Structures are given as structure tokens and as C-alpha cells.
Amino acid sequence: MENEKNEARPLNFLEKIIEDDLKNGRVPDGKIVTRFPPEPNGYLHIGHIKSICINFGLAEKYGGRCHLRLDDTNPAKEETEYIDSIKEDIKWLGFDWGKYEFYASDYYDKLYEIAINLIKEGKAYVDELSAEEMKEYRGSLTEPGKNSPWRDRSVEENLRLFEEMKEGKYPEGSLTLRAKIDMASPNINMRDPALYRIKYAHHPRTGDKWCIYPMYDFTHPISDAIEGITHSICTLEFEDHRPAYDWACSIDGIEHTPHQYEFARLNINYLLMSKRKLLYLVNNHLVSGWDDPRMPTISGVRRRGYSPEAMKDFVSRVGVAKVEGVVDYSLMEFCVREDLNKRAKRLMAVLDPLKIVIDNYPDDKVEYFEAEDNPEDENSGKHKIAFSKNLYIEKEDFMETPVKGYHRLYPGNEIRLKYAYYIKAESVEKDENGNILAVHCTYDPESRGGTTADGRKVKGTSHWVSADHALAAEVRQYDKLFKAECPGAATGNYLDDLNPDSLKVIPAAYIEEEGAKAKVGDYLQFIRNGYYCVDMKDSSAEHMVFNRTCTLKDSWAKQKAKMGL
RNA sequence: UGGGAUGUAGUGUAAUGGUAACACUGCAGAUUCUGGUUCUGCCUUUGGGGGUUCGAAUCCCUCCAUCCCAGCCA
């Protein structure tokens, strides 16, 4: 009865296509095959999570498989470091390609053979046009191109030239192998696209074996065909390439015909996904690296403390369609909070301390209270917190002259110290300049454990730590890297919108003793402060470092803002 | 101004000829030992104009807007 709640999510357009193909027997053996094909020329970012979830998710849902294929056809840009990070990121998301790990470079021999056949059939030729000339001959968006003077060489000459290209007899840029399609096509991608170019670059996998490398439009469809990909899913900007894709799949000798489908890439406001811009931030030390917790890279959000479950939930809520839009950052934060709320261990940490002295509490007495690890999780345990005469609470939790709506500590007012006692502010101790040194309070011994026998209520509950027991730790308060929804929209330069407060370091915040047990990978909530994690690079037992993953929703801050405070 | 695509609340996504909806955001309230969580309610929607039809977000025409394409990048 209650499991009827299973909300049947409506199918997205890709699922509809697949179900239709499956139903109509258009899928060999009824097993769909997808692929995630990143070029190893940088780190994966949040946008890639969408693609990963679509490709691996579809394969999972329909009982097919998803290949990981590293699209390594441009050795000038690609590095092994990137290959390793890509694999690590996919694994972190919880996907497994098993034995289906491929490289476009696996197919270099096959691709070469296909190119030879194309030449023999008169469907490809070696061109001597320079890059500039080729551009001229290509025409424009509104004008057709014209044929290269080298377009009608004999098959024999083409064969000889291509062979010599491969043997390294020509310098880079001097010759290309081009498909003979249609220089007047309204689709520029069909105006005799380049198939091979000369490049004297060391390849991470094939080393110096090759000095000619196949182009995307030639390599990608054929790789898909070789691997038996049924649904080749990519982003919208490749729509114009689909005719080229289909052209390559129709080359003689290619038995399997995959089909390309395009979806809208993921854009999120306040975030930048451009590899070029992210690289600039890294190179100019505006962030600490690709895995800086403020970076939109997968390694960045991982270090920030986002969970893979939250990210997957996020992309699933965004959905899949063909409309180019911008998703609200707040949806991502919602997903992160929703997930972390259920799993984060609660700890008390005072980030901006104000000293509290409980005047009527015995000087040397220490008692321990029980704190819930997670009130949202019945199966979670409890841990002990030391209480003593000298405590810290947040500065924010005390006001000498309270504003309207403030129900925390102020002179004469009573609040609860979470899990411990009710306290009332009695007097304020200041230095000669009027700065508050400490707030003297009294506690109600009858309120032990946070409740009183008479059942009286207090409006405020503060977190706290015992001054003599708390441990000091570094806390890094991360915020959005950019302060504008669309960085660079106003001035044309995204650097102008860099948020100067994207990182505030608190060198020595006070954390309850239990904090010492926190390990890399744990999800934490500092009660009333936000979600935190242990920094995977800089934290050590001697010097713990916590990263703020995200804040808690704060309706009081909103209210204050509205009152102009 | 060549070609390809896309227009549904503020944002994202459903509804494919039959009462326009779900989530996030925002707002209001209740609950709460986190001003968190949870719960309740509210706000705002089919780009414009024609047409077909008993009936149109959906089909047709037209206009408009936005995005992508002229790498020997992917």
C-alpha cells in the first residue's frame, strides 16, 4: 500500500527513443550500448556528471552496458594525468565500466585501413592547401565553398601521398587527407572535412608510432561502430556533425550502425564550466588547483564535501532535454543539503568565539552530556560532550542590546545551551575600550539535559564548547567563487566577478573533542553553522582542517537583511 | 542575411488533440533542544498573430526571440 508512492518519473526523450528502439527490435540482442567519451585534455567538471549519468544510467536502466572511451586523437593536448583523474572521478560517482575501457587510439590501425579504402574508392584525397587556403576555399556560412585544386588526383597518387604522410615525409600542416563529399553543402561540416592531419607529437599511448592523427568526425563514429555502440549520446553543439557521423558510419565495410542523439549541456548560474577559464584560474593561482573546493570540477566538489549521491540526484532533477538553459545553483545546494542532512554527523563547533563564564557553576567541575550523532537517523549513536564553567558560544549568539526578533542571549534573557543547561546572561565584562571580554551568566541546575521540570520554554538554543576541552582546528569557510549569476556578463571579463570572500580561513576555531575522530570522507554538520568535511589534502591529526561544504538555510539572516541589519 | 536546433511559472522538467503539472526558488504560517529539519498554504506558466477542431502547449501557416556551425580541436 505505502509502496505505491513509487513516483514513476516521466521518461525523458532519450528513454523514449530507447524504449521505442527496444520495442521495435532495433537493438541487437536487446542490449543497448552507450559510451562516455571524454577527451583526456583536462579535468572533468559538473557538466560531465550529467553526461556520465545519462550514459551509464541508461545502460543500467535498460540492462545494457556503457563503455568508457578516452577520445585521444589529439596528442598535442592530452596527458596521462587527465586519464587517471577521469577514471577516478567516474568511480567516485559510483559507476563501473568493467572491462569496457577503450581508447580511440586502439583503432588507429583500423582507421588507417579504412582511410586507404576510402582513397581507393575515390572518396578521399590528399590536399595540399594550407590552413588559410582551406579556410578560403571552404566558403562562408552564406556562401558555398569551392573545390580544392587537389581534389581530383588519381587514386595512385593519393595512396602514395598518404603513405608518405604516414612515413613522416612531410612537415606538419603541409598535407591533409580529406573526405570528398560536397563543397557546396549548406552544412559546413560536410564541405570535404579533414580526416587526417600531420602532427609530430608524442602520444601518451602510441608514443611516436604515428605522425598522422585521425580527426574527430572520422574517429568518433567509427569507434562507436567498432564497439557496437547503439546510442551515441552527445551534446547539442554536435547536431551539425550528425550528417558527418552518418557519412562515416555508411562507409563500406562498417557493419554496425550506431545513431547519434544530442541533449542540452548543463549550465549552472554562478559557475563557469569552460576549461579554458578554469585553467586560467589554476595557472594564475586564483584557486589552489583543479581540486580547489571552489572549483566546479568533480575533484573540486569532492574535496568540498559534496556527496556523489547528491550530485547524481541533482542531475536527475535537472532532467534531460534539448533546451539550452541555466539551472539554479540553489537546486544543487538543495540536493547537497537534503543528502547531507540525512547522513552528516552533528558536532558542535564555535567559529567566532565569545567567552561565557557560568558564575554559579563550580570552578573545577566537569560533567558530560550526551549528544546525538544525527537526529535524522534513528540508527545513529550518541557521543559525550564536556561541560564546564568556562565556555565559548558564537559571538552572533549574544547581543548587548537586542534587535527586534532576536531571541538569543542578551542581558536578562535565558537561553538553552544545547544538550546542557539553561543559562541567563547577568553581566558583561569589557576592557578599557569597551570590547566585550566575557559574558557572565548563571545556570539553572534544574535544567540539566536541556529541559526543565517546570517545562518552561526558551526561544533560543545555542551550541557551545567547553573552553578547557575544545580542540583548535583550522576551518575554511568556502563560498561561491563568483558573485555574479553569469560571471563576466556585466563587464565582459569573468575575473571582474570573482568573489573576494569565496574563502575565509579561521585559523583556530573551537571544535568539541569528538571532532578529533573525524576522517577524510566523513560528512559532518557543525550544528547551526553548516556542513563540513575534513580536507583531504591538508588535514592531519596534529592540525585538523575542515572545509565548509555549504551553509545551512538561515531564515534569521534573511529576516535581518530585510530589516536592514 | 546559408544551415541546424530550441521556445511551457523566476529556474529546470512533465503533459503529444480532452481540466496545464512536478520539483527548486520566493512568500506566509505551524512544529522544533539546530532561526536547521519536518508539515501546511500561497504566488506566477504554454513567445506573438492567424488557422484547423466540439476542443490546441500539442496539428498547420506566419512572425519573433535565443542558441550552435566557417579548427589541420573535441
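The sequence lines fix the lettering, A, B, ..., with proteins before strands; numbering per chain opens at 1. From a predicted model like this one, the values you see are computed outputs, not experimental measurements.
- When the P atom is compared between C69(B) and C63(B), the two are found 25 Å apart, to the nearest whole Å.
- Of the candidates G2(B), G4(B), G36(B), the closest approach to any side-chain atom of Pro375(A) belongs to G36(B).
- Across the P atoms, U11(B) and G47(B) are found 13 Å apart, a figure rounded to whole Å.
- For the strand RNA chain B, secondary-structure stems (runs of at least three Watson-Crick or G-U pairs, all distances below 3.5 Å) span B:2-7 with B:64-69, B:10-13 with B:21-24, B:26-30 with B:38-42, B:47-51 with B:59-63.
- Looking at heavy-atom distances under 4.0 Å, Ser140(A) makes contact with a base.
- Judged by centroid separation below 5.5 Å and plane tilt below 30°, Tyr216(A) does not stack onto the base of A74(B).
- Nucleic acid contact class of Asp554(A) (heavy atoms, under 4.0 Å, all strands): sugar-phosphate only.
- Of the options Arg456(A), Lys424(A), Arg408(A), a salt bridge (Lys or Arg N to Asp or Glu O under 4.0 Å) to Glu414(A) is made by Arg456(A) and by none of the others.
- Using a 4.0 Å heavy-atom cutoff across all strands shown, Lys199(A) reaches sugar-phosphate atoms only and no base atom.
- Taking the C1' atom of each, U38(B) and U31(B) are spaced 8 Å apart, rounded to whole Å.
- Scanning atom types as modelled, no donor and acceptor separated by under 3.5 angstrom connect the side chain of Arg528(A) and the base of G35(B).
- Closest to the side chain of Lys322(A), out of A70(B), A5(B), G2(B), is A5(B).
- The side chain of Asn74(A) approaches C73(B) more closely than any other nucleotide in the set C24(B), U6(B), C73(B).
- Residue whose closest nucleotide on RNA chain B sits further toward the 5' end, between Ser555(A) and Asp240(A): Asp240(A).
- Residue side chain Glu324(A) does not reach the base of U66(B) through any donor-acceptor N/O pair under 3.5 Å, judged by distance alone.
- Taking every side-chain heavy atom of Lys558(A) into account, C27(B) is the closest of C27(B), G36(B), G2(B).
- Atom name C1', nucleotides U16(B) and U37(B): the rounded distance is 40 Å, in whole Å.
- When heavy atoms are screened at a 4.0 angstrom cut-off, Leu175(A) is found touching no nucleic acid atom at all.
- Looking at Glu376(A), its side chain comes within 3.5 Å of the base of G36(B) through a donor and an acceptor atom.
- In this model, no side-chain donor or acceptor of Arg337(A) finds a partner on the base of U37(B) within 3.5 Å.
- Between Phe162(A) and Ala115(A), the closest heavy-atom pair is CE2-CB, 3.8 Å.
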